[in-house]
Visitor: 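Handing you a structure now.
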Amino acid sequence: MNEMEYKFTDIEAKWQKIWDEKKSFKAEKDNRPKYYLLEMFPYPSGKLHMGHVRNYSIGDLAARFYRMNGYNVLHPIGWDSFGLPAENAAIKNNIPPFEWTRDNIAHMKIQCKQMGWSYDWDREIATYTKEYYKWNQWFFIKMLEKGLAYKKESFVNWCPDCNTVLANEQVEDGKCWRCKSDVDQKKLEQWFFKITDKAEDLLQGHETLKDGWPERVITMQKNWIGRSTGLMANFKLESGEDFPIFTTRPDTIFGVTFMVIAPEHPLLEKINNPELKAFVEKLKKESVIDRTNEEKEKEGMDTGLKVINPFNGDKIPLFVGNFVLMEYGTGAIMAVPTHDKRDFKFAKKFKIPMKVVIDNAESPIKIETMNEAYVEEGILVNSGDFSGMKNKEAMAEIIKFAEKKNIGKEVVNFRLRDWGISRQRYWGCPIPVIYCEDCGTVTVPEKDLPVELPVKVDFQGSTISPLTKMESFYKAKCPKCGKDARRETDTMDTFVDSSWYYARYSSPNADNVMVDKEAAKYWTPVDQYIGGIEHACMHLLYARFFNMVMFDMGLVPTKEPFTKLLTQGMVCKDGAKMSKSIGNTVDPNEMCLKFGADTVRLFILFAAPPEKDLDWSEKGVEGCFRFVNRIWRFVTAHKDLYSADYNYNNLTLNSSLKKVRCELHKTIKFVTHDVRDRMQYNTAIARMMELINTLYACSEDDYRSEAGKTVISEVFNSLLKILNPFVPHITEELWQHLGNKELLVNSNWPEYSEELTHDDEVEVVFQLNGKIRSKAMVSADISKEDLEKKALSDEKILEMTEGKEIVKIILVPKKLVNIVVKG
RNA sequence: GCGAGUGUGGCGGAAUUGGUAGACGCGCUAGAUUUAGGAUCUAGUGUAUAACGCGUGGGGGUUCGAGUCCCUUCACUCGCACCA
């Protein structure tokens, strides 16, 4: 066997074992500046997929980079281990979710180590352990005490055949994915977190995040929160009863010709009309997504009731409609068909009269010829004293008028809804509440926490949560009066688990507190967070909300949990997202067996910049494998020339060695910049490939000279270090081959000399009217005058400017001379 | 529907501040080496009716100069509150 051969399997296993034994990545508090790098923790689905490989390879590169740059790096991992897939697997294969999850974690942990990711495994956490979810329960109680948790009735997708709640993704075309029966909307008592209480804070926080977060994530969150100022107008029913509605378009209030209420509106219960009742029941069955879909036919029916517009006294009909949601505003809207697309369609369908109140000065609007709503700006008409005003100005004026006349007031409204956390499922954190006939809703006392989730369960092929059938779980004593009572069998949304895990990593084993304040003070906030863009609104908003509450409680030192955020793109193949259902997945394990983890990591970092979608290509992986082999061959072939204590005293370099050295320093400069300032890893790798190409281009004789040995030594010394965060195993092995005793992971990132990055000569282009006509090599420090002279005396330029008038000359040092000519 | 993105060679992508479009890699072509294949090394590779030509989804604009800025238009992708 050739000892020069690159045996990646042995090499990778060897270094993984050494890092593990030496606990090379253990993070402990010390005097160095800390750097907390976190990737969104995985759901233990069974085995790693390429999305994981991408996410964690990006993070690992950064972690290793900051470690080499003198930071005390915290780089932890854990498992988001509650959730629906474990239940589905349990029903299908008759394995309890606990066992399924535990085994998946064990397997994926091995896989993580095989990728060479530098985690502090002593800080591993899993949300399905009682040591973790106990603090979910504790926090829930705190939220309740603060008035930030409450219970209310809310709707769920309900399959009457399976007798169970369905997630949105389990509803396909309004039918249950398992039994294909029609899905109902069922009203249930559910727990909510009052995230709307922090809506203003969440918006304000964006100010502190704007330097570290992608602009588009902030924009998405702002839109998701959807703050709008509008008018709460006091319409009245004919009976005199108050009927307030919220509108963001008070300027159109004189044009209201009908009103619409949500099918869930309580007013409907008072109307005794069997036909209407049946219709309302039908509407209630539609899912929210369908109802708000503009494509979908607008359904509605006249309730027979009339409403009075307090601004002009108009008596208008009240409809019930599927597109109005009880959750938003007051569950009722005023409809202005002439100036709202949805209202227009609805009015046409039900032949409701219309009234123009905003007119276009250039081409006046006529109702008879209107075939769509006029939603542009304009001048108010038919609007009492406000007629003639610009509609934008009228908004504020009408609100002012309403407040003075006491027929309405300015209200800030949010699109953001409170966060429903109840799940009628087994595999989640139990909600620590007991229902007593006498005392009502009673929280479980802190000393009795955690409320343990039983792990020995049998689904018996059914989708219904086993907790509801398990007496030993739901039978409880009331903590207040001691009487027999019933325990809550709903569990928490798994987003609760993932809303504070980043803080837990600072003190993962604390058994008396949720988060150790001192530890959190040192380690949090997360300096760099990395995960998919799909979490832009939900997870990232929930976590920010939790952190604000934890900040208020003094548990964490900052309001915001994640200083910088990187959203990585998807991994695609054949033009579509890699997914099991499409069947275009590539198994990371197989790739590692074929090429080694170093190559797989390198490819995934090289194929696209982190933020963009990445196209998987095995040919591309082979290309990276070639590059890794080129490094291996070059270093092993020249290792006898290396010495750790090289120096350049009294040495002069010939031009090719000078070029090698210049390329080295340029490479260090650009890689450092790309990794630290731009997080643009694909170009960093391209730079290193160029350096390897340069190394191969220089002659053996040059390398074998005294000066060459010194250059080789400097090159190896720096190159292996800058390559290390990308391909940690092979570089560590080569580093050892060179005779170094210290681990490369403990070495420092190399410095570069700015002076050495400068070329003696640069190529400058000569343009005529912006088009390149000639090029020349010039000394890098040529004066402007000389450069201009050189351009004007260039043969090609002389030829082409002959007989023409030179109007202007533009000079960009080291780049170009542009001569502007006339005629 | 609402919200957010992306369009550059045969392909993945590069171009950091408006300044040489196509770095780097894949693929392809030729050569060297090899019994052959593979591997490796070297050279070439946007297009072309070969010109002071054309070229960053299409059209228009600003500028000495536009992939980059502005207007407009088309196509595709992702998220939407019980998947995580």
Side-chain angles (χ1 to χ4, degrees), chain A residues 40-43 45 80 82-85 88 156-157 165-171 190 215-217 219-220 222-224 226 288-289 292-296 323 327 341-342 415-425 493-495 497-498 532-539 541-542 569-570 572 575-577 603 606-609 611-624 626-627 629-630 633 670 673-674 677-678 680 682-683 685-690 693 696-697 763-773 775 796 799-800 807-810 812 815-816 818-821:
Chain A
M40 291 178 185
F41 65 166
Y43 177 79
S45 54
D80 189 11
F82 275 137
L84 206 46
N88 292 335
V156 292
N157 300 313
V165 175
L166 297 175
N168 280 347
E169 74 156 15
Q170 295 173 320
V171 183
Q190 310 220 55
E215 201 182 303
R216 65 162 164 160
V217 175
T219 309
M220 283 162 91
K222 278 185 177 163
N223 290 329
W224 186 263
V288 172
I289 296 165
T292 50
N293 185 347
E294 187 116 346
E295 305 286 286
K296 197 147 166 148
F323 60 98
E327 284 83 8
K341 288 179 186 170
R342 218 169 34 181
R415 205 186 73 98
L416 182 71
R417 305 203 296 264
D418 275 338
W419 173 16
I421 61 150
S422 292
R423 298 290 180 271
Q424 296 69 44
R425 308 197 181 281
D493 179 8
T494 56
F495 274 122
D497 312 337
S498 56
I533 185 79
E534 66 273 19
H535 293 289
C537 291
M538 305 183 64
H539 162 62
L541 215 45
Y542 295 147
M570 297 180 306
C572 302
K577 180 180 178 170
F603 170 73
F606 178 61
E611 304 243 36
K612 281 219 209 162
D613 288 352
L614 177 151
D615 215 59
W616 183 267
S617 135
E618 185 145 338
K619 283 285 175 195
V621 183
E622 284 170 21
C624 287
R626 273 197 280 275
F627 172 60
N629 274 283
R630 269 161 79 80
R633 277 197 308 275
F670 285 117
H673 181 228
D674 279 351
D677 308 324
R678 298 209 310 154
Q680 199 80 7
N682 52 332
T683 49
I685 294 166
R687 284 286 177 182
M688 294 190 288
M689 285 173 168
E690 280 183 87
N693 290 345
Y696 271 85
E763 193 187 42
V764 169
V765 296
F766 301 144
Q767 300 181 325
L768 275 185
N769 294 343
K771 301 215 171 201
I772 294 161
R773 295 302 178 218
K775 293 179 185 182
K796 195 94 189 270
E799 190 186 306
M800 293 176 71
V807 185
K808 199 170 164 189
I809 294 175
I810 288 134
V812 183
K815 291 230 164 104
L816 60 83
N818 186 15
I819 301 158
V820 186
V821 292

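Labels below follow one simple rule: chain letters A, B, ... track the order of the sequence lines, proteins then strands, and each chain is numbered from 1. This one's a predicted model, so the numbers in the text were calculated from it and none came from an experiment.
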Visitor: Both distances under 3.5 Å, Watson-Crick or G-U wobble: report the partner of B:C41, or none.
Guide: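 Across any shown strand, B:C41 pairs with B:G31.
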Visitor: Would you say A:K612 reaches B:G7's phosphate, i.e. side-chain N/O to OP1/OP2 under 4.0 Å?
Guide: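 Indeed, a polar side-chain atom of A:K612 lies that close.
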Visitor: With rounding to the closest Å, how many angstrom separate the P atoms on B:G10 and B:U63?
Guide: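 B:G10 and B:U63 have their P atoms separated by 33 Å.
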Visitor: About how many Å separate CD of A:Q680 and NZ of A:K612, when rounded to the nearest 0.5 Å?
Guide: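 It comes to 9.0 Å.
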Visitor: What does A:F606 touch in the nucleic acid at a heavy-atom separation under 4.0 angstrom: a base, only the sugar-phosphate, or nothing?
Guide: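 Base contact - A:F606 has a heavy atom under 4.0 Å of at least one base atom.
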Visitor: Applying the Watson-Crick and G-U wobble criteria at under 3.5 Å, what pairs with B:A36? Answer none if nothing qualifies.
Guide: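 No nucleotide pairs with B:A36.
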Visitor: Any base atoms under 4.0 Å from A:F627, or only sugar-phosphate, or nothing? Heavy atoms, all strands.
Guide: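 The answer is nothing, as A:F627 stays clear of every strand by at least 4.0 Å.
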Visitor: What distance separates A:L541 CG from A:H539 NE2, expressed to the nearest 0.5 Å?
Guide: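 So the CG of A:L541 and the NE2 of A:H539 are separated by 10.5 Å.
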Visitor: So what does A:V765 hit on the nucleic acid, given a heavy-atom distance under 4.0 Å: a base, only sugar-phosphate, or nothing?
Guide: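 The residue A:V765 makes base contact.
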Visitor: Roughly how far apart, to the nearest Å, are B:U35 and B:C28 at atom C1'?
Guide: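 It comes out at 27 Å once rounded to the nearest Å.
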Visitor: So what's B:U49 paired with, Watson-Crick or G-U wobble, going by both distances under 3.5 Å?
Guide: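 Checking every strand shown, B:U49 finds no partner, since no pair has both distances under 3.5 Å.
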Visitor: What is the nucleic acid contact for A:M800, judged by heavy atoms within less than 4.0 Å: base, sugar-phosphate only, or nothing?
Guide: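 Here A:M800 touches the bases of the nucleic acid.
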Visitor: So A:S422, base contact, sugar-phosphate only, or nothing? Heavy-atom distance under 4.0 Å.
Guide: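 Base contact.
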Visitor: Could you identify the nucleotide paired to B:C64, looking across every strand shown and requiring Watson-Crick or G-U wobble geometry with both distances under 3.5 Å?
Guide: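 Across all strands, the one nucleotide that pairs with B:C64 is B:G19.
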Visitor: Using a heavy-atom cut-off of under 4.0 Å over every strand shown, decide if A:W224 touches base, sugar-phosphate, or nothing.
Guide: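 It contacts base atoms.
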Visitor: Take A:G623 and A:I810, find for each the nucleotide of RNA chain B with the closest heavy atom, and name the residue whose nucleotide sits nearer the 5' end.
Guide: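 Per heavy-atom nearest nucleotide, the more 5' residue is A:G623.
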Visitor: Categorize A:L816 for me: base, sugar-phosphate, or nothing, with a 4.0 angstrom heavy-atom threshold over every strand shown.
Guide: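 It contacts base atoms.
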Visitor: For each nucleotide in nucleotides 37-42 of chain B, reading 5' to 3', give B when a protein heavy atom comes within less than 4.0 Å of its base, S when such contact involves only the sugar-phosphate, and - otherwise.
Guide: ---SS-
Visitor: Considering just the side-chain nitrogens and oxygens of A:K577, establish if one lies under 4.0 Å of OP1 or OP2 belonging to B:C76.
Guide: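 No, no such contact exists.
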Visitor: Between CG of A:N818 and CZ of A:R773, what distance do you get to the nearest 0.5 Å?
Guide: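 If I round to the nearest 0.5 Å, the distance is 10.5 Å.
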Visitor: Suppose we define a pair by two distances each less than 3.5 Å, Watson-Crick or G-U wobble; what does B:G3 pair with here?
Guide: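 Check on B:G3: paired to B:C78, both distances under 3.5 Å.
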Visitor: It should be established whether A:K619 places a side-chain nitrogen or oxygen under 4.0 Å from OP1 or OP2 of nucleotide B:G27.
Guide: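 Yes, A:K619 has a side-chain N/O under 4.0 Å of OP1/OP2 on B:G27.
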Visitor: Taking only side-chain nitrogens and oxygens of A:Q680, does any of them come within less than 4.0 Å of OP1 or OP2 of B:G13?
Guide: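 Indeed not, no polar side-chain atom of A:Q680 lies that close.
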Visitor: What is the nucleic acid contact for A:H673, judged by heavy atoms within less than 4.0 Å: base, sugar-phosphate only, or nothing?
Guide: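 A:H673: base contact, heavy atoms under 4.0 Å.
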Visitor: Describe the nucleic acid contact of A:P42 in one word from base, sugar-phosphate, nothing, applying a heavy-atom distance below 4.0 Å.
Guide: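 If one applies the 4.0 Å heavy-atom cut-off, A:P42 turns out to touch nothing in the nucleic acid.
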Visitor: Distance between the P atoms of B:G7 and B:G57, in whole angstroms?
Guide: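 After rounding to an integer number of Å, I get 8 Å for this pair.
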Visitor: Given B:A14, B:A4, B:U20, identify the nucleotide with an atom nearest to the side chain of A:M220.
Guide: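 Selected nucleotide: B:A4.
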Visitor: Between B:C26 and A:E618, counting only base atoms on the nucleotide and side-chain atoms on the residue, is there a donor-acceptor pair under 3.5 Å?
Guide: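 Not at all, since no donor on one side and acceptor on the other fall under 3.5 Å apart.
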Visitor: For the side chain of A:E763 and the base of B:U20, is some donor closer than 3.5 Å to an acceptor across the two?
Guide: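 Looking at the base of B:U20, it does pair with a donor or acceptor on the side chain of A:E763 (distance under 3.5 Å).
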Visitor: Kindly say if A:R773 contacts the phosphate of B:G53, meaning a side-chain N or O under 4.0 Å from OP1 or OP2.
Guide: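 Yes, A:R773 has a side-chain N/O under 4.0 Å of OP1/OP2 on B:G53.
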Visitor: In whole Å, measure the gap between the P atoms of B:U77 and B:A23 for me.
Guide: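 Going atom to atom, P in each nucleotide, I get 29 Å.
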Visitor: On a whole-Å scale, what distance lies between the C1' atoms belonging to B:G27 and B:G12?
Guide: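 Going atom to atom, C1' in each nucleotide, I get 11 Å.
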Visitor: Please tell me if A:K771 has a side-chain N or O lying less than 4.0 Å from either OP1 or OP2 of B:C52.
Guide: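 No, A:K771 has no side-chain N/O under 4.0 Å of OP1/OP2 on B:C52.
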Visitor: Answer yes or no: is there a side-chain heavy-atom contact under 4.5 Å between A:Q424 and A:V156?
Guide: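 Sidechains of A:V156 and A:Q424: in contact.
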Visitor: Of A:E215 and A:R415, whose nearest nucleotide on RNA chain B comes first from the 5' end?
Guide: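 It is A:E215 whose nearest nucleotide is closer to the 5' end.
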Visitor: Hey, does the side chain of A:T219 come within less than 4.0 Å of B:A4's phosphate (OP1/OP2), counting only N and O?
Guide: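 No, A:T219 has no side-chain N/O under 4.0 Å of OP1/OP2 on B:A4.
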Visitor: Out of the candidates A:F41, A:Y43, A:Y542, only one should pair with A:S498 under the side-chain contact (heavy atoms from CB on, under 4.5 Å) rule; please name it.
Guide: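 When A:F41, A:Y43, A:Y542 are each tested with A:S498, the side-chain contact (heavy atoms from CB on, under 4.5 Å) holds only for A:F41.
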Visitor: Do A:R630 and A:N693 have side-chain N/O donor and acceptor atoms under 3.5 Å apart?
Guide: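 Note: A:R630 and A:N693 side chains meet the donor-acceptor criterion.
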Visitor: Give me the distance, rounded to whole Å, that separates B:U47 from B:A39 when you measure between the C1' atoms they each carry.
Guide: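 Per the computed distance, 34 Å lies between those C1' atoms.
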Visitor: Under 4.0 Å from OP1 or OP2 of B:C82: is there any side-chain N or O of A:R423 that close?
Guide: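 Answer is yes, contact under 4.0 Å.
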Visitor: Do the side-chain N or O atoms of A:R678 get closer than 4.0 angstrom to the phosphate oxygens (OP1, OP2) of B:A15?
Guide: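 Checking B:A15 against A:R678, a side-chain N or O does come within under 4.0 Å of OP1 or OP2.
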Visitor: With distance as the sole criterion, do the side chain of A:Q767 and the base of B:C64 form a donor-acceptor contact below 3.5 Å?
Guide: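 No.
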Visitor: Indicate yes or no: at least one non-hydrogen side-chain atom of A:F606 is less than 4.5 angstrom from one of A:M688.
Guide: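 A side-chain contact is absent here, since even the closest heavy-atom pair is not under 4.5 Å.
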Visitor: Contact class for A:S617 vs. all strands (heavy atom < 4.0 Å): base, sugar-phosphate, or nothing?
Guide: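 If one applies the 4.0 Å heavy-atom cut-off, A:S617 turns out to touch nothing in the nucleic acid.
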Visitor: So how far is it from A:K222 NZ to A:R415 CZ, rounded to the nearest 0.5 Å?
Guide: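 Going from the NZ atom of A:K222 to the CZ atom of A:R415 covers 15.5 Å.
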Visitor: Please evaluate residues A:T683 and A:D674 with respect to the criterion side chain to side chain donor-acceptor pair (under 3.5 Å), reporting the C-alpha separation (whole Å), side-chain torsions for both, the decisive distance (0.1 Å), and the verdict.
Guide: CA-CA 7 Å; A:T683 49; A:D674 279 351; 2.9 Å; yes
Visitor: Identify the nucleotide, in any strand shown, that forms a Watson-Crick or G-U wobble pair with B:G10, with both distances under 3.5 Å; if there is none, say none.
Guide: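 Paired with B:G10, as far as the under-3.5 Å criterion goes, is B:C26.
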Visitor: Nearest 0.5 Å, what's the CD1-CE distance between A:I533 and A:M570?
Guide: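 If I round to the nearest 0.5 Å, the distance is 11.0 Å.
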Visitor: Take atom C1' in B:U73 and the same atom in B:C78, then report the distance between them in whole Å.
Guide: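 Their C1' atoms lie roughly 22 Å apart.
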Visitor: Please work out if A:F670 contacts a base, only the sugar-phosphate, or nothing of the nucleic acid, heavy-atom cut-off 4.0 Å.
Guide: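 Here A:F670 touches the bases of the nucleic acid.
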Visitor: Between A:N682 and B:A14, is there a side-chain N or O to OP1/OP2 distance below 4.0 Å?
Guide: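 Yes.
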Visitor: If you measure from the Lys or Arg side-chain nitrogens to the Asp or Glu carboxylate oxygens, is any gap between A:K796 and A:E799 under 4.0 Å?
Guide: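 Not counted as a salt bridge, because no side-chain N and carboxylate O are separated by less than 4.0 Å.
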Visitor: What integer number of Å spans the C1' atoms of B:A66 and B:U56?
Guide: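 That atom pair is separated by 11 Å.
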Visitor: Could you tell me whether A:L416 contacts a base, only the sugar-phosphate backbone, or nothing, with contacts defined as non-hydrogen atoms closer than 4.0 Å?
Guide: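 The answer is base, as A:L416 lies within the cut-off (heavy atoms under 4.0 Å) of a base atom.
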Visitor: Across all strands, who's sitting opposite B:C83 as a Watson-Crick or G-U wobble pair, both distances under 3.5 Å?
Guide: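 The answer is none; no pair meets the criterion.
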